[in-house]
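These notes are about the structure you will find just below.
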Amino acid sequence: MALPLTFLGIESSCDDTAAAIVRATGDTGEILSNVVAGQTELHAAFGGVVPEIAARAHAEKLDICVEQALDQAGLTLDAIDAVAVTAGPGLIGGVMSGVMCAKGIAAGSGLPLVGVNHLAGHALTPRLTDALAFPYLMLLVSGGHCQFLIVKSADEFVRLGGTIDDAPGEAFDKTAKLLALPQPGGPNVEAEATLGNPRAFAFPRPLLDRPGCDMSFSGLKTALLRARDQVVAEHGGLPRPIRRDFCASFQAAVTDVLVKKSRRAFDEYMALAPAHPAFAVAGGVAANQTIRAGLEAVAQDFGARFTAPPLRLCTDNAAMIAWAGIERFRTGARDDMTLAARPRWPLDQTAPALLGSGKKGAKA
Ligand code: KG4
Ligand code: ZN
């Protein structure tokens, strides 16, 4: 099929129902529409995403999102070349809703169907936004993900390591909770941290003494909890200046781990002698200025380009799924009515399974 290619993308693997239209114009693409219907309020009372509630909401919203995506792009299905859908990993009820919706559209309109790995959607986004050339180094760092990948092609990913427990965004959110700061924790902890002393508390930097790129963030919150309880016992409460020091010291520990592990990831990446070395960071935590500056400095040290897609394309969306679908389609990938929804689907089939999964459920 010749360019331009226009794809409908569908995403429903967690708590965002999304549909988007993306047109590939060459090395990169144009987002014609990008509809995301979140479910935050549906899950708010439960302290996490409830899979059954999520699946039902996806089933109710998918058709509407697809219709809106077509409307906003000013297109009908006749102008679409194929349907790309997240086929995993994620909460199985939601993934099934999306896959069934996509199959229905493909069967009804005779369009080709392409199943997409949700993580490949995140990992290929820097090609949609910045036309990065393969291979590039990628750090996915959000409330649900934390892993280093070498993206070698649209379907070849080498996972260098990842969190074995909490994702950093999750750690920021838990820290905010422990310090009675509002959610989402990341931006609020960051704001407090700017006024605090990052050396006031020596929080742990787990796994830095071990080789490789695996990380751990769950011990941080335990250390913080202990330190907080001690302060509360001594002061009869948590004085604001100490709270700021907690935030700054916590942020310094996360930054330190991500920066040092990025250097290790770079050592492995640069061994491939990439012609145009590049480091892409995606996910909500990439919005953190201190962390971002630390990662950018690492890229600079290795003479690599640094890029971070805009936040709306880092959080779950269907434009990334449409784009990943286009990339897979170009390599000849096609699916049919046997396409299965997969709760687990590691990007790198050869890497050992990660123990950690992040707050939104098992991802890899
Ligand atoms: O990528 P994202 O929007 O959603 C998923 O987790 O899938 O990431 C949200 C996470 C939250 O945990 C939030 O606290 C964190 O990213 N976050 C931040 C900042 N802004 C958002 N963490 C640290 N600093 C920030 N400025
Ligand atoms: Zn995601």
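Numbering of ligands and ligand atoms starts at 1, following listing order. What you are looking at is a predicted structure, and each value in this text was computed from that prediction instead of being measured. Values below: every heavy atom of this structure, side chains too, minus hydrogens, waters and symmetry copies.
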Query raised in the report: Quick one: which of D166, D173, D316 has a heavy atom closest to atom 11 (C) of ligand 1?
Result: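 Checking each option, the heavy atom nearest atom 11 (C) of ligand 1 is found in D173.
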
**Report entry** Residue selection (non-hydrogen contact nearest atom 18 (C) of ligand 1) among A176, P184, G186
**Finding:**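 The option holding the nearest heavy atom is G186.
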
Query raised in the report: Distance under 6.0 Å and angle within 45° of the ring axis: does R159 meet both against F148?
Result: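 No, cation not above the ring by the 6.0 Å, 45° rule.
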
Query raised in the report: Does R127 make a cation-pi contact with F134, if we ask for NZ or CZ under 6.0 Å from the ring centre and within 45° of the axis?
Result: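 Yes - R127 lies over the ring of F134, closer than 6.0 Å to its centre and within 45° of its axis.
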
What do you reckon, does [X] have a nitrogen or oxygen under 3.5 Å from a nitrogen or oxygen of ligand 1?
| X | answer |
| --- | --- |
| G143 | yes |
| E190 | yes |
| G284 | yes |
| G283 | no |

Report task. Measure centre to centre between the rings of F250 and F172, then say whether the value is under 6.0 Å. Result ->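 Yes, the ring of F250 comes within the 6.0 Å limit of the ring of F172, centre to centre.
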
Requested in this report: Verify whether the ring centers belonging to Y269 and F279 lie closer than 6.0 Å.
Outcome: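 Ring-ring flag for Y269/F279: false, centres at least 6.0 Å apart.
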
Query raised in the report: In degrees, rounded to 10 degrees, what angle do H145 atom NE2 and H122 atom NE2 make at the Zn ion (ligand 2)?
Result: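 My answer is 90°, to the nearest 10°.
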
Within the 4.0 Å heavy-atom shell around [X], which atoms of ligand 1 are there?
| X | result |
| --- | --- |
| G169 | 12 (O), 14 (O) |
| F172 | 22 (N), 23 (C) |
| T315 | 1 (O), 2 (P), 3 (O) |
| G144 | 6 (O) |

Requested in this report: Step through the shown structure and confirm whether more than 12 heavy atoms of other residues, nucleotides or ligands are within 6.0 Å of CZ on R342.
Outcome: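 Yes, the 6.0 Å shell around CZ holds more than 12 heavy atoms from other groups.
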
**Report entry** Geometric class of the H118/H122 ring pair [parallel <30°, tilted 30-60°, perpendicular >60°]
**Finding:**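 It falls in the perpendicular class, over 60°.
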
**Report entry** For ligand 1, the portion of N288 having any non-hydrogen atom under 4.0 Å away
**Finding:**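 Both parts.
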
Report task. Check whether any N, O or S atom of C14 sits under 2.8 Å from the Zn ion (ligand 2). Result ->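 Checking C14: none of its N, O or S atoms is under 2.8 Å.
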
Report task. Taking the Zn ion (ligand 2) as the reference point, name the nearest N/O/S atom of D316. Result ->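 Result for D316 and the Zn ion (ligand 2): OD1.
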
Query raised in the report: Taking just the N, O or S atoms of H118, which one is nearest to the Zn ion (ligand 2)?
Result: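 Of all N, O or S atoms in H118, the Zn ion (ligand 2) lies closest to NE2.
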
Requested in this report: State, with a plain yes or no, whether a side-chain heavy atom of V85 is found less than 4.5 Å away from one of L339.
Outcome: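 Touching, per the 4.5 Å side-chain cut-off.
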
To check you understand the geometry: which heavy-atom pair defines the closest contact between [X] and [Y], and what is its length?
| X | Y | result |
| --- | --- | --- |
| P274 | P277 | O-CD, 3.5 Å |
| F302 | M270 | O-CE, 3.5 Å |
| V151 | F157 | CG1-CE2, 3.7 Å |

